[in-house]
Amino acid sequence: MIGATHRTQRVPGSRLRAALIGTATVAVLVAAWEAAVRIGNLPPFVLPRPSQVVATAVEQAPLLGPHVATTATEAVLGLAMGTMLGWLLAVLTSAFPTSGQISHPVVLLSQTIPTVVLAPLMILWAGYGLTPKVTLVALTVFFPVLVAATAAIRDVDAEYSDTVAGLGGGKAHQMWLVRLPASVPGALAGLRIAATYAVGAAVVSEYLAGESGIGVFIQRSRKAYAVDQIFVGIALIAILSALMVAAIVALRRVATPWQTNLVST
Amino acid sequence: MIGATHRTQRVPGSRLRAALIGTATVAVLVAAWEAAVRIGNLPPFVLPRPSQVVATAVEQAPLLGPHVATTATEAVLGLAMGTMLGWLLAVLTSAFPTSGQISHPVVLLSQTIPTVVLAPLMILWAGYGLTPKVTLVALTVFFPVLVAATAAIRDVDAEYSDTVAGLGGGKAHQMWLVRLPASVPGALAGLRIAATYAVGAAVVSEYLAGESGIGVFIQRSRKAYAVDQIFVGIALIAILSALMVAAIVALRRVATPWQTNLVST
Amino acid sequence: MTTTANSTGRAPEAGRSEPVLSVGDLTITFPASRGGRGGSQDGGLNVLDALSLDVHDGEFVAVLGPSGCGKSTLLRALGGLLDPRAQVEGTIAVPSDASGRRATAWMPQRDGLLPWRRAMANAMVGAIAAGVPRDRAYPRAQQLFEEFGLAGFERAWPHELSGGMRQRLALLRTCLAERPVLLLDEPFGGLDPVTRRRMNAWLATVHLTEQAAAADAVARDASTTGSGVVLVTHDIDEAMTLADRIVVLSDRPGRLLYEARARQGGEERYDRGSLLSALDC
Amino acid sequence: MTTTANSTGRAPEAGRSEPVLSVGDLTITFPASRGGRGGSQDGGLNVLDALSLDVHDGEFVAVLGPSGCGKSTLLRALGGLLDPRAQVEGTIAVPSDASGRRATAWMPQRDGLLPWRRAMANAMVGAIAAGVPRDRAYPRAQQLFEEFGLAGFERAWPHELSGGMRQRLALLRTCLAERPVLLLDEPFGGLDPVTRRRMNAWLATVHLTEQAAAADAVARDASTTGSGVVLVTHDIDEAMTLADRIVVLSDRPGRLLYEARARQGGEERYDRGSLLSALDC
Amino acid sequence: SSTDTDTKDEAALDSATNAAQPLTPVTVVLDWTPNTNHSGLYLALANGWYEDAGLDVTVIEPGETSGLQLLAAGQADFAFSVAEGLLPARAAGADVVSVATVIEHNTSSLLSLADEGITRPRDLEGKNYGSYGSDLETAIISSLVECDGGDPAKVDHVPLVSDDFRIGLTQDQFDTAWVFDAWDTLRLSEVDGMDVNTIAFRDWFDCIPDWYTPLLATSGAEIESSPETVGAFVQVTAHGYAAAMEDPTVAADALIAAAPELDAALVTASADWLADKYATSPQAWGQQDGATWDRFSQWLTDNDMLDGDPSVDGAWTNEFLPAKQ
Ligand SMILES: Nc1ncnc2c1ncn2[C@@H]1O[C@H](COP(=O)(O)OP(=O)(O)OP(=O)(O)O)[C@@H](O)[C@H]1O
Ligand SMILES: Nc1ncnc2c1ncn2[C@@H]1O[C@H](COP(=O)(O)OP(=O)(O)OP(=O)(O)O)[C@@H](O)[C@H]1O
Ligand SMILES: [Mg+2]
Ligand SMILES: [Mg+2]
C-alpha cells in the first residue's frame, strides 16, 4: 500500500542546484588539471598549470578588455544574423520544398568549404573590418539553426496544419500559425549548438585577418611561444561561450512558455 | 464551388524531382563560377576556373585515392563513435539530470577549446595514428547529436511518459519506450548537422599531424601555391560530405517509419 | 436500403435545388501502410464504398455509423484534408467563397488545439485562418467563452484544460471561422449530458441563424450556394434532435445503410425504432 | 448530500473491511499558469475540494460529474501522475505490488498511444511497463485484437486508426498490464452505441474475473489488498450497468455531491431519478 | 640516374643482412609541409641510408602543432624548428637542443611587387606590411627601417589573410610581406614570372641579427639516453644534405616522389637555388656558430621577446655532425 499525506508540495529550486553542481564540476576539473601537471611533471611549455594561467591572466588583464569586446561583438552579431537567416530559410523551405531543393547544395557547400579558403575571397569582397568576421560567424551559426528548425517543422504533427487548413487557412496561415511556432523549440536547439560555436568561429575568423580580438591575442601568444597566454585565451573563449549558452537557455524559457517540462540542459 | 472527379491520385516521384533540382542547381553554380572568373578576369591564383579544377583533378586522380580513403575512414568512424556517444549521453542526462549538470561544463569545454590547442595534448595521449583524428571527429560530431536529441527528448509530450508510468512503468521503461524513440528524430537532425561537419573535421584533424588524407593534400597544395589542387580538395570534401548527408537522410526513412510527412531536406 | 422521411421547413426537398455540397459514388482506399499493415488489410484498406450524399441549403445532416467505418475520412474528404496517399474515386463538390477557397470549417475529432497558443489565441485561430477581422471575432470569442463555460480560462494553455473543455474550445474556434458549411467530427464526445444538451441547443438555435447569415454574406460576393452542417456523432438523441436528415453508414467499408428526413411538425421527428435497427445491423 | 443504497454481492459493506484504495479529504489546487491564467482563476484554480472516497475489494466505482470538475485530476492523483506543480492536501492510499510499485493501471482520456509504435506494439506497452511476461501477454493481445474488432490492424500506426479504434486500443493496452486496480478515464467516449455496449459487457464479465485473479496473484506475493475499478464516464446508463457504486461530483471545485450503491437482486440497480437530479444540479 | 638505383640496391642488400638486428624507430617532425628545406631528409630516406644506419624513420607533418612541444613531451625524437621558437621554449623549461642548422644563414626577405619600388628598408615608409602578428616581425621590421634611416612608425602593419602572397600583393591587401627566398620568392619570380623585388635579410645583418631557420632539434633527454641514435640520425641526415648540395636534381626528385602534390617546377628551382645556400661546402652542412646564437638570443632579450633564461650555451651543439669544429 502506497500512502501519502500531502501538504502543498513544490518543485525544488532546481536551477540553483544546477548552477552549484556546474560550478563544482569546473572546480574539480581545474584541480585535476593542476594535479596532473604537477604529478606528471609536464613542462609548462606543453601544458601550463591553471595557477600559472590565472597569474598570467591577472597580469595581462588590462590588455584583454578590448580583445574580449571585439570577439564578443563579432560573436553576438554573427549569432543574431545567422539565427535569423537559418530560421527564415527553414520556414521558407518548409513552405516551398522547391526552394529547399535549390538551396540545399549551396548550403552544403557553404558548410564544407574550409574557412582558410573562404577567408581570402571574403576579404576581397568585404575588406578587413567587422563584416567578414560577422559573416563567417553567421555562416557557421545559420546551419545548425536551419537543420534543427527544419526537422522540428517537419516533425510537427500533421494534425495541426490540418486544423488550420480545415478552417480555410492557406499556406501563409499554416506557416504563421503552425510552422513558425512549431519550429521554435527546434530552432532553439540549433541555436544552442550555434551559440557554443559562435565565439570559436569569431576567434578563427580573427586568426585570418584581425587586429584585435581573442583570436589575435592567441595567435600573437602562439607566435611568441607564450603557452600560458594561449590558455588565458582559451579560458576567455570558454567563459564567453558559456555566457552565450546561458543566454540561449534563458531565451528558451521566454520563447516557449507553453513547455512546462523545462528541466536541465 | 470546388468540384473534382477523382481517379486514384498518387504522390509524385518527389525524390527523383529533388535529385534533379539539386543537380541542376549545382550545374548552374558551377557555370556561374566559370563565367564569373572569365568575365571578372580574376587571376587563377585568386579563383581558378572549374574547368581548370576538373583538368587538375583528372591529372591527379591516381594520387587522390589513398587520400580520400584515409579521410573517409576517419570521418565515418568518428561519425559513428560521436553519434553513439552523443545519443547515449542525451538519453542518460535526460534520465538523470544530475549527470547532465555534471557533464555540461565538460561538454561545453570540449566544444570551445580550439583544435590547435587540443591537438598536441591529443597526440600526447593517442600518438599520430588514426586514433587522434577519429577522436577529433567524434568530438565535433557528438555535440550536435547530444543537443538535438536532448531537446527532442525534453519536448516530447508529457502525455507519453505519463501513459507508461500510469501502467506501472519505471524510469527504465519510460526511457526505453518513450525517451529513446522520441529522441530519434532529434538525434537524426543532430546527425544531419554532424554529418556535414564530419568530413571537414577529419580534414582539419589531418592538418595537425597527418601523412595521408584530403587535409594533407590541401595543406601541401597550399604551401606549394597549387590553387587548383586546393579546389580539387574542396570538391572532394563537398562530395564526401554530400554522400554522408545522403546516407543520413536515407537512414531517417528507415529509422522513423511512423513519420509520413517526410518531405525534402 | 434507403429510407426517406419528410423534411423540415428549412431543408428543401431532395433534388429541388442544387445541393450546397455533394458527394457522388465516393470510394476511398488507403494503401497498405509502410512495412505492411499485416493481416487481412494488406493490399489496401477500402474505407468508403460508392457513397453518395447531397447537402442542401440550410440543411443539417447527422452521420452515424460504427466506429472505424469511415465517418472521419468522409469529413476529411469534404474538408480537402485527406491523406495524400489515399486513393479516391468518385466526385466531391463543395462550395467556395469569393477568394476561391473552400467555404467549409472543419472540426477534427481530436480537437487539434495548438499547444503553443493559449485558449483565447487558439479560439482566434478560426478567425485568423478564415480571414474574419479581429475586431469582429474577438468580442464574439469573449462572449462565447462565457456561453461555453470557459470564462476565466482565456489565458490557460491547452494542456491545462480538461478533455471536455478542450472540445468546447475546438468548437468555439470552428464557429469563429464563420464559414457557411460546418464539418463537425464528434464535437460533443467528451461532454457530460448536461453540458452536451446545452451545447446542442446552442448549436441548433444561435449558431444556425448566424451561419445562414455568413452564407448569405459569402453568396453576395461569389455566386455560391448556401449553408449546411455535417455532424458526425454517436449519440442518437443528439442526431434526432439536431438533424434535418440522418444518414447511417454501414460497417467498413462504409456504404449508405439508412437515410431519414425529420418529420415536420409532429412530436417524434424520426422513427426511433427503424433508426436503432439500422444501427444494430 | 450523500445517499447510500444497497451493495451488490461482490462489493462488501462500507467500513466492513480495509478499503483497497482510499482518498481522504483530498484538495487539489493548480497554481496560476505561467504568464497568468487571467480572469477569475488568477491566484490558483481549486479543482477538488475535500473529496473522500474509498474503493473496497472487488468494487467497481463509476465517477460522474460535469466537464472540468476534476474527474481526470482525481484519476491522475490515484495513478501518481499529477502535474508536480499541483498543490495537494489530504491523503491518498493506493495498493502496491510485491516490488513496491503502485498496483494501478491508468488509461488516459486522450488514449496516449505512442506514435512510434504500431498498434500491436502499443498494446504491448501495457505488458512491458507492468512487467507481464511477453509469452503470456502476446497471445492474449492477439485474442483481444480479435474481440475488440481490431484484427487486421496489428501493424497499423496510431495515426492510421480511427478515433474509436484508438480508444479501444488504449483500453486493450491497459488491460494487458494485468493490474489489480484499473483507473479508466472515459474509455468508451468515442464509440458508437453498439460497440460501446459490447465493450461494456466485455469489461463487466471477462475482465473483472481476470482482474480479481491478478489481484490474488499480487496478494499472494505481498500482503496487499484486492482489486477494484474506478471508471470516469459521462454515460449514465453505462455507469448504472457496470458500477457497484456511483459517485457524482459537483461543478468545479469537485465535491462529493451524490453517492449510491447498486441494489442487489432487483430490476432497477439504481434510482435513475435521483441520479439524474444529482447530475442536473 | 643509375647511381641512384645502385645505392638503393645496396641499401636493400644491407637491410637484408641486418635483418636480424631490429631497426631503432625514430620520429621526425617537420616544421611545415614537405619542401626543399627537407631535401636532405627525403634524399636519405629515398636511398635507404637511415636503414643502413639501423634507423627506422617516420616523418610527421605537424601542421599547426609545434614540433618542439612534441619533443618536450617525448612524442618525437627530432624536429625541424627555428631559433626564435627554440630559445623561448628553453626559457619556458623545455630541454630542447639544436643539433644542426639546415641552412647556414637566414634566407628570409621582404617581398614586394616591383611597381612598389621597395628596394631597401626605408622604402617601407608609407607602405602596408602584411603581418603574421608576431612580436618578432614588428621588432625586425622596426630595426631594419630605423637602421636604414626610415621611421618605423610610418609602416602600416596589416594582417595577412592568405599565405598565398600572390593574392595579397596583387589584390592590394598589402605591399610587402616576410617570405622565404628559397620558396616564396622563387615561386613568384621563377615559376609565375612576376616582377618582384626583395630585401634580403642577409644583406642587412648589420642592422638585425642572423639566426638559424630552419634547424634540426632534439631533446636533452634523447641526447642523454641514446646519443648513438642522435649521432646516427644527424650523420645520415648530413650525408643527405651533402648529396642534395652535390646533385639538386636528385634531391628534387626524391622530394617530389615523397610529396607528389608539390609543384615540380618550384621544387626544382628551389633545390637549385638552395644547393649552395645550405652551407659553404657539403662537408660543412649543419655547423652552427656560438656567436650567432649569442647575438640572436641577446637581441630577443633586448626586445622583450625572451621571458627567462634560455641558457644559450646548452641550446645548440655541433657534436653530432660529421665534421667537428
Ligand atoms: N491516414 C490513414 N491511413 C491509413 N488508414 C487510415 C487512415 N485514416 C483512417 N484510416 C482507416 O480508415 C478507417 C476509417 O477511419 P475513420 O477515422 O474514418 O473512422 P470513423 O468512422 O471516424 O471511426 P470513429 O467513429 O472510431 O472515429 C479505419 O479503419 C482507419 O484505420
Ligand atoms: N496541469 C494543469 N494545470 C492547470 N490546470 C489544470 C491542469 N490540469 C487540469 N487543470 C484544470 O483542472 C480542472 C479539472 O480538470 P479535469 O481534467 O480534471 O476535468 P474533468 O473532470 O476530467 O473534465 P472532463 O470531463 O471535461 O474531462 C479544469 O478546469 C482544468 O482546466
Ligand atoms: Mg472518427
Ligand atoms: Mg477528464
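Below, chain A is the first sequence line, B the second, and so on; all start at residue 1.
Identified under the ring-ring contact (aromatic ring centres under 6.0 Å, His included) test for residues 148-174 of chain B, with sequence neighbours left out: B:Tyr160-D:Trp116. Residue pairs meeting the side chain to side chain donor-acceptor pair (under 3.5 Å) criterion with at least one member in residues 175-184 of chain B, sequence neighbours excluded: B:Trp87-B:Ser183.
Looking at D:Leu113, only its backbone comes within 4.5 Å of chain B, counting heavy atoms on both sides. Heavy-atom distances place both the backbone and the side chain of B:Val178 under 4.5 Å from chain D. Only the side chain of D:Arg117 has a heavy atom closer than 4.5 Å to any heavy atom of chain B. Both the backbone and the side chain of D:Ala130 come within less than 4.5 Å of a heavy atom in chain B. Using a 4.5 Å cut-off between heavy atoms, D:Pro108 contacts chain B through its side chain alone, with no backbone atom that close. Looking at B:Ala182, both its backbone and its side chain come within 4.5 Å of chain D, counting heavy atoms on both sides.
The backbone N or O of D:Asn122 sits nowhere less than 3.5 Å from a side-chain atom of D:Arg173 that would complete a donor-acceptor pair. Although no hydrogens or angles enter the test, the distance criterion places a donor-acceptor pair under 3.5 Å between the side chain of D:Arg102 and the main chain of D:Leu78.
In terms of heavy atoms, D:Thr233 sits closest to D:Leu64 at O-CG, 3.7 Å.
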Taking it one step at a time, do D:Met107 and D:Asp185 satisfy side chain to side chain contact (heavy atoms under 4.5 Å, CB included)? CA-CA 6 Å; D:Met107 174 178 164; D:Asp185 202 346; 5.8 Å; no
Could you go step by step and tell me if B:Trp258 and D:Leu114 meet the side chain to side chain contact (heavy atoms under 4.5 Å, CB included) rule? CA-CA 10 Å; B:Trp258 66 90; D:Leu114 306 178; over 6 Å; no
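Residues of residues 67-78 of chain B having a heavy atom under 4.5 Å from any heavy atom of chain D: none.
One finds a salt bridge joining B:Asp162 and D:Arg76 here, because a Lys/Arg side-chain nitrogen approaches an Asp/Glu carboxylate oxygen to under 4.0 Å.
Here D:Arg136 pairs with D:Glu178 under the side-chain hydrogen bond (donor to acceptor under 3.5 Å, both in side chains) rule; sequence neighbours left out.
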